[in-house]
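In what follows, a single structure is set out as structure tokens and then discussed.
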Amino acid sequence: MTTLQTVFAKAKADNRAALVGYLPAGFPTKDGAVAAATALVEAGCDVIEIGLPYSDPLMDGPTIQDAVHRSLTNGTRIADVLRTVEGVARSGAATLVMTYWNPVDRYGAERFARDLANAGGAGTITPDLTPEESGEWRAASAAAGIDTVFLVAPSSTEERIKAVVECCTGFVYAASLMGVTGARESVNVAAEGLVARTREHTSLPVCVGLGVGTGRQAAEVGAYADGVIVGSAFIRRLLDAPDEAAGLASIRELAAEMAQGVRSR
């Protein structure tokens, strides 16, 4: 298993930001998800987030919702998510699961943490799990040897940022805006200030997500953040592709552009 600590140490040594790619399990197909994530790694992604499809998302924009709907229609279950993690982890990228809390709670926190670790997963991102309610999950994750990542936002107070980063181990996810996922014309200017504020409370890497869709934007964010998170832009290309081969070629092209962007600082 490649750890987040290894990935960010290498990126820092290379004087660049890490590139983090997101794709839901089961999209465009169960096997296609592994192929797509592997293509991202081959094109320059350091970390892959595998989304656990969920029927009631809180922060997913229309593009990710479309992909997740297709994944659920494909019959994707937690076992498929774990198989996807196992397949992607073989690529050498640090592989996370991004999931809302309810599926983990239903599956069992200790069981999920153990099974994720056994699949080669490096940790989780849990966007709707608050610091106050995270004790059980953090204990289960620590016992299994996987990292926990939580989110801060532009609206977060100093006290809230401090509470969130104390729950994080792998990195801190800085949401660039108040809203849902999706590539945008520009990345919210509040993101840079949020990264600076977060760094006052932690030495962990701080990664920015929500809104990054081009190599230029990746370069802008990579100039001040430790990692750049991209999801909707990759998924949009898969959704728009006439077939799976064309989709893979398209996301490879975009990931290579993003990787060049984060190296330009």
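Distance alone, capped at 3.5 Å, is enough to place a donor-acceptor pair between the Asp243 side chain and the Ala245 backbone. In terms of modelled atom types and a separation under 3.5 Å, the side chain of Asp46 and the main chain of Ala18 share no donor-acceptor contact. When atom types are taken as modelled, the side chain of Ser134 and the backbone of Trp137 share no donor-acceptor pair closer than 3.5 angstrom. Of the possible polar contacts, none joining the Ser91 side chain to the Thr38 backbone as a donor-acceptor pair under 3.5 Å is found. Side-chain N or O atoms of Ser71 include none that pairs as donor or acceptor with a backbone N or O of Ala67 at under 3.5 Å. Looking only at distances, no side-chain donor or acceptor of Asp66 sits under 3.5 Å from a matching main-chain atom of Pro62. For the pair Glu133 (side chain) and Leu129 (backbone), a donor-acceptor distance under 3.5 Å is absent.
The shortest distance between side-chain heavy atoms of Val97 and Val85 falls below 4.5 Å. No side-chain heavy atom of Val195 sits less than 4.5 Å from a side-chain heavy atom of Val221. By the 4.5 Å heavy-atom criterion applied to side chains, Tyr173 and Val20 are not counted as neighbours. Taking 4.5 Å as the limit, every side-chain heavy atom of Val41 sits out of range of all side-chain heavy atoms of Arg90. In this structure the side chain of Phe112 reaches within 4.5 angstrom of the side chain of Leu52, judged on heavy atoms. When side chains are defined from C-beta on, Thr126 does not count as touching Thr148, because their heavy atoms never get closer than 4.5 Å. Taking the side chain as every heavy atom from C-beta outward, Tyr224 and Val208 approach each other to under 4.5 Å. Between Gln5 and Asp147 there is a side-chain heavy-atom pair separated by less than 4.5 Å.
Checked by atom type, the side-chain pair His201/Glu166 shows no donor-acceptor distance below 3.5 Å.
The residues Arg216 and Glu220 are annotated as salt-bridged, a charged nitrogen and a carboxylate oxygen being separated by less than 4.0 angstrom. A salt bridge links Asp80 to Arg83: at least one charged side-chain nitrogen sits closer than 4.0 Å to a carboxylate oxygen. A salt bridge is absent between Arg138 and Glu132: the closest approach of a Lys/Arg side-chain nitrogen to an acidic carboxylate oxygen does not fall below 4.0 angstrom.
For the atom pair OG1 (Thr198) and CD (Glu158), the distance works out to 8.0 Å, reported to the nearest 0.5 Å. Rounded to the nearest 0.5 angstrom, Phe150 CZ and Cys167 SG are separated by 5.0 Å. The CD atom of Glu192 sits 11.0 Å away from the CG atom of Leu194 when rounded to the nearest 0.5 Å. In this structure, Glu244 CD and Thr29 OG1 are separated by 5.0 Å, a value rounded to the nearest 0.5 Å. The CD atom of Gln65 sits 11.0 Å away from the CD1 atom of Ile235 when rounded to the nearest 0.5 Å. Separating the CD1 atom in Ile125 from the OH atom in Tyr22 is a distance of 9.5 Å, to the nearest 0.5 Å.
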_Using side chain to side chain contact (heavy atoms under 4.5 Å, CB included), reason through His69 and Leu72 one step at a time and then give a plain yes or no._
CA-CA 5 Å; His69 174 73; Leu72 292 170; 5.7 Å; no
*Does the pair Asp128 and Tyr54 meet the rule for a side chain to side chain contact (heavy atoms under 4.5 Å, CB included), with working shown?*
CA-CA 12 Å; Asp128 65 337; Tyr54 185 54; 5.7 Å; no
*Where do Val165 and Leu204 land on the side chain to side chain contact (heavy atoms under 4.5 Å, CB included) test, with the steps shown first?*
CA-CA 8 Å; Val165 301; Leu204 287 172; 5.6 Å; no
*Check the pair Arg197 / Glu159 against salt bridge (charged side-chain N to carboxylate O under 4.0 Å, His left out), numbers first and verdict last.*
CA-CA 11 Å; Arg197 291 168 57 211; Glu159 292 76 16; over 6 Å; no
*Stepwise side chain to side chain contact (heavy atoms under 4.5 Å, CB included) check, Val152 with Arg160*: CA-CA 8 Å; Val152 293; Arg160 195 64 182 172; over 6 Å; no
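Minimum interatomic distance between Asn74 and Lys30 (heavy atoms only, all atoms of both residues): O-CE, 3.4 Å. Heavy atoms only, all atoms of each residue included: Thr84 and Ala25 are closest at OG1-CB, 3.9 Å. Closest approach of Val230 and Met258 over heavy atoms only: CG1-CE, 3.7 Å. Arg16 approaches Val262 most closely through the heavy-atom pair CB-O, 3.3 Å. Nearest approach of Ile50 to Ala37, heavy atoms of both residues: CD1-CB, 4.4 Å. For the pair Leu40 and Ala255, the tightest heavy-atom approach, listed with the atom from each and the gap, is CD2-CB, 3.9 Å.
Within a 6.0 Å sphere centred on CG of Asn102, other residues, nucleotides and ligands contribute more than 12 heavy atoms. Residue Glu136 places its CD atom among 12 or fewer non-hydrogen atoms of other residues, nucleotides or ligands, all under 6.0 Å distant.
Leu82 and Met1 are assigned to two separate hydrophobic clusters, defined by single-linkage of ILVMFWY side chains at heavy-atom distances under 4.5 Å.
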